[in-house]
Number of protein chains: 2
Amino acid sequence: MTNPPSPTTAPLPDFLPPALCALAREQSLTRGETLFRRGQRPTRVFFVAAGEIHLLRHGVHGQAVIFQRSAAGSFLAEPSIDSPGYHCDAVAVAASRLRVFPLADFRSALDADPAFARRWRLFLAREIRRLRGRAERLAMRSVRERIVHYIECEGEDGMLSWSGELKALAAELGVTHEALYRALARLAADGLLERAPGCLRLIGSGRL
Amino acid sequence: MTNPPSPTTAPLPDFLPPALCALAREQSLTRGETLFRRGQRPTRVFFVAAGEIHLLRHGVHGQAVIFQRSAAGSFLAEPSIDSPGYHCDAVAVAASRLRVFPLADFRSALDADPAFARRWRLFLAREIRRLRGRAERLAMRSVRERIVHYIECEGEDGMLSWSGELKALAAELGVTHEALYRALARLAADGLLERAPGCLRLIGSGRL
DNA sequence: CGTACTTTTGAATCGCATCAAATCTGGTGG
DNA sequence: CCACCAGATTTGATGCGATTCAAAAGTACG
């Protein structure tokens with residue numbers, strides 16, 4: 001948070017056709033505002049530039065069942081690009097800014113522009129890869145395992161650049177920050193991890 | 001395992017163009033066999049018809065770091081469809097049967113056939129949705145929460161048809177089967193869940 | 001009936017969440 | 001420059017819930 005009032009801002013991916021980008025308009029949401037509701041026919045594609053949107057349903061007891069938390073940088077409801085109806089509600093849990101594309105134009109750009117379609121597929125496929133890794137990691141029992149897995153998967157050759165706060169890393173790993181601190185300290189004490197500002201590196205006795 | 005030797009078999013999705021399917025050949029892998037290695041240029045697209053393939057890298061200590069476990073019914077390495085090189089190794093952890101498509105033909109079918117491209121995007125997007133829900137669920141602390149979330153997300157209106165074994169459900173939820181049995185028993189005892197063969201239903205006092 | 005498996009229950013242990021508090025840090029204003 | 005505040009970071013103590021190991025009961029199948 002070095003910027004005065006605005007939260008993290010994410011730019012649009014670079015592979016969107018300029019003609020499509022030109023059709024995008026801006027939309028702002030206040031905290032708590034609803035973007036769309038389950039069952040509505042999708043007519044737009046959203047990109048979260050800032051803030052956070054939750055996709056959720058209401059369970060049988062009325063409680064919120066969160067499907068997905070989309071922070072800045074995500075496209076929202078890609079599934080709906082080719083779907084007849086939203087499968088859940090979308091609510092801003094923080095003041096948010098969106099880029100909004102007309103769905104029909106987004107679809108026809110994908111149909112008409114093979115290069116864009118290819119990049120879009122690549123984009124989706126990368127997301128799948130990241131999510132599969134994340135799910136694999138979250139199924140691990142211990143914090144230590146998750147840390148190692150994260151560095152191996154998301155880092156380069158056992159080295160992870162991590163500019164943000166460790167609390168955010170803890171959230172990504174699905175553990176409390178206290179548990180993360182302790183596990184990092186023990187990994188370092190065991191000589192398996194090197195900690196430097198903005199960087200975590202696994203120590204391999206024998207590099208494979 | 002009711003079938004004598006063959007494990008679960010999954011059919012190809014129905015939306016693959018017949019011309020493309022005609023180009024597919026079969027491949028069998030024995031347990032432990034390697035399908036491809038990291039860095040190799042992808043030349044084929046794989047569909048796992050039976051068995052299970054693990055995508056993994058070797059960590060700095062030589063241990064296997066599993067990115068993804070792909071059971072029957074998954075396409076393998078979709079990310080690589082538009083990538084210059086595999087990002088990990090693929091190893092069969094059980095005897096497996098694959099349908100193998102030439103990558104170039106798969107790609108050009110996607111480029112040339114907008115209907116197929118649309119279905120493929122939908123396929124990827126559904127996968128993303130499922131995985132996001134799964135990750136959200138795996139980040140939950142208690143088994144009880146995970147069960148409820150799973151039924152709400154994957155079931156219909158608080159009711160989940162589950163034909164397989166509960167052990168498989170436990171694996172999906174990322175907990176031991178003992179923990180799952182106990183949590184189900186307590187949910188039922190608390191009057192929040194109804195158990196029937198092949199079916200789990202949440203009891204909502206007030207249906208919302 | 002016997003085997004192999006799932007389902008279920010029991011008891012002991014361990015790791016993480018939780019609550020609490022101390023330290024450190026960067027930024028603000030007097 | 002220092003006092004002060006808000007936040008991240010770190011350490012401590014405690015309890016709970018899941019894992020683990022173990023074993024019994026139920027079930028499908030030959």
Side-chain angles (χ1 to χ4, degrees), chain A residues 1-8 52 66 71 94 134-150 160-190 192-201, chain B residues 1-8 52 71 94 134-151 160-190 192-201:
Chain A
M1 316 320 184
T2 63
N3 347 32
S6 81
T8 339
E52 183 165 346
I66 299 173
R134 187 168 145 84
E136 204 64 51
R137 183 161 54 245
L138 288 172
M140 294 178 166
R141 318 290 188 206
S142 75
V143 178
R144 174 181 283 228
E145 281 178 300
R146 294 193 195 183
I147 292 170
V148 172
H149 188 274
Y150 188 79
L160 175 73
S161 302
W162 182 267
S163 48
E165 307 161 1
L166 289 184
K167 287 183 77 169
L169 180 57
E172 162 71 30
L173 296 180
V175 298
T176 60
H177 58 276
E178 296 99 323
L180 174 63
Y181 291 133
R182 284 187 249 258
L184 285 176
R186 288 192 51 196
L187 275 168
D190 292 350
L192 298 172
L193 182 81
E194 228 175 62
R195 300 182 60 179
C199 174
L200 297 176
R201 198 161 73 78
Chain B
M1 315 316 190
T2 64
N3 347 34
S6 83
T8 339
E52 182 166 344
R134 190 166 141 86
E136 204 65 51
R137 185 161 49 247
L138 289 172
M140 293 177 167
R141 318 293 189 203
S142 75
V143 178
R144 173 180 285 228
E145 280 179 301
R146 294 191 194 183
I147 293 170
V148 172
H149 188 274
Y150 188 77
I151 298 178
L160 175 74
S161 303
W162 182 265
S163 46
E165 308 161 0
L166 288 184
K167 286 184 77 170
L169 181 57
E172 161 71 29
L173 295 180
V175 298
T176 60
H177 58 275
E178 294 100 323
L180 175 63
Y181 291 133
R182 283 188 250 258
L184 285 175
R186 289 193 50 197
L187 275 168
D190 293 352
L192 298 172
L193 183 81
E194 227 176 62
R195 300 183 59 179
C199 174
L200 297 176
R201 197 163 72 78

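Chain letters run A, B, ... following the sequence lines, proteins first, then strands; residues in each count from 1.
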Note to self: For a quick check, with a 4.0 angstrom heavy-atom cut-off, what is the B/S/- contact string for nucleotides 8-21 of chain C, read 5' to 3'?
What the structure shows: BBBB----SSBBB-
Note to self: Could you walk me through whether B:Glu145 and B:Arg141 satisfy the side-chain contact (heavy atoms from CB on, under 4.5 Å) test, starting with their C-alpha distance in whole Å, then the side-chain angles of each, then the deciding distance to 0.1 Å, before giving a yes or no?
What the structure shows: CA-CA 7 Å; B:Glu145 280 179 301; B:Arg141 318 293 189 203; 4.2 Å; yes
Next item on the list: Start with the C-alpha distance between A:Leu173 and A:Val143, add both sets of side-chain angles, then the distance that settles side-chain contact (heavy atoms from CB on, under 4.5 Å), and finish with yes or no.
Entry: CA-CA 8 Å; A:Leu173 296 180; A:Val143 178; 5.5 Å; no
Next item on the list: Take B:Arg195 and B:Leu200 through the side-chain contact (heavy atoms from CB on, under 4.5 Å) test and state the conclusion after the steps.
Entry: CA-CA 5 Å; B:Arg195 300 183 59 179; B:Leu200 297 176; 4.1 Å; yes
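The shortest non-hydrogen separation linking A:Leu166 to A:Leu180 is O-CD2, 3.3 Å. Nearest approach of B:Arg146 to B:Val175, heavy atoms of both residues: NH1-CG1, 3.8 Å.
The CZ atom of B:Arg182 lies 14.5 Å from the CG atom of B:Leu187; values are rounded to the nearest 0.5 Å.
Distance B:Glu145 CD to D:dC16 C1': 14 Å, rounded to the nearest Å. If you measure from atom NZ of B:Lys167 to atom C1' of C:dC5, you get 8 Å, rounded to the nearest angstrom. Distance B:Leu200 CG to C:dT7 C1': 14 Å, rounded to the nearest Å. In this structure, A:Glu165 atom CD and D:dT10 atom P are separated by 12 Å, rounded to whole Å.
Considering only heavy atoms from C-beta on, B:Arg134 stays 4.5 Å or farther from A:Arg134 through its side chain. At a threshold of 4.5 Å between non-hydrogen side-chain atoms, the residues B:Leu192 and B:Val148 do not count as touching.
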Give every pair of a protein N or O atom and an N or O atom of nucleotides 24-28 of chain C that lie under 3.5 Å apart, one pair per line with the distance.
none

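The end-to-end axis angle of the helix from C:dC1-D:dG30 to C:dG30-D:dC1, rounded to 10 degrees and based on five pairs per end, is 30°.
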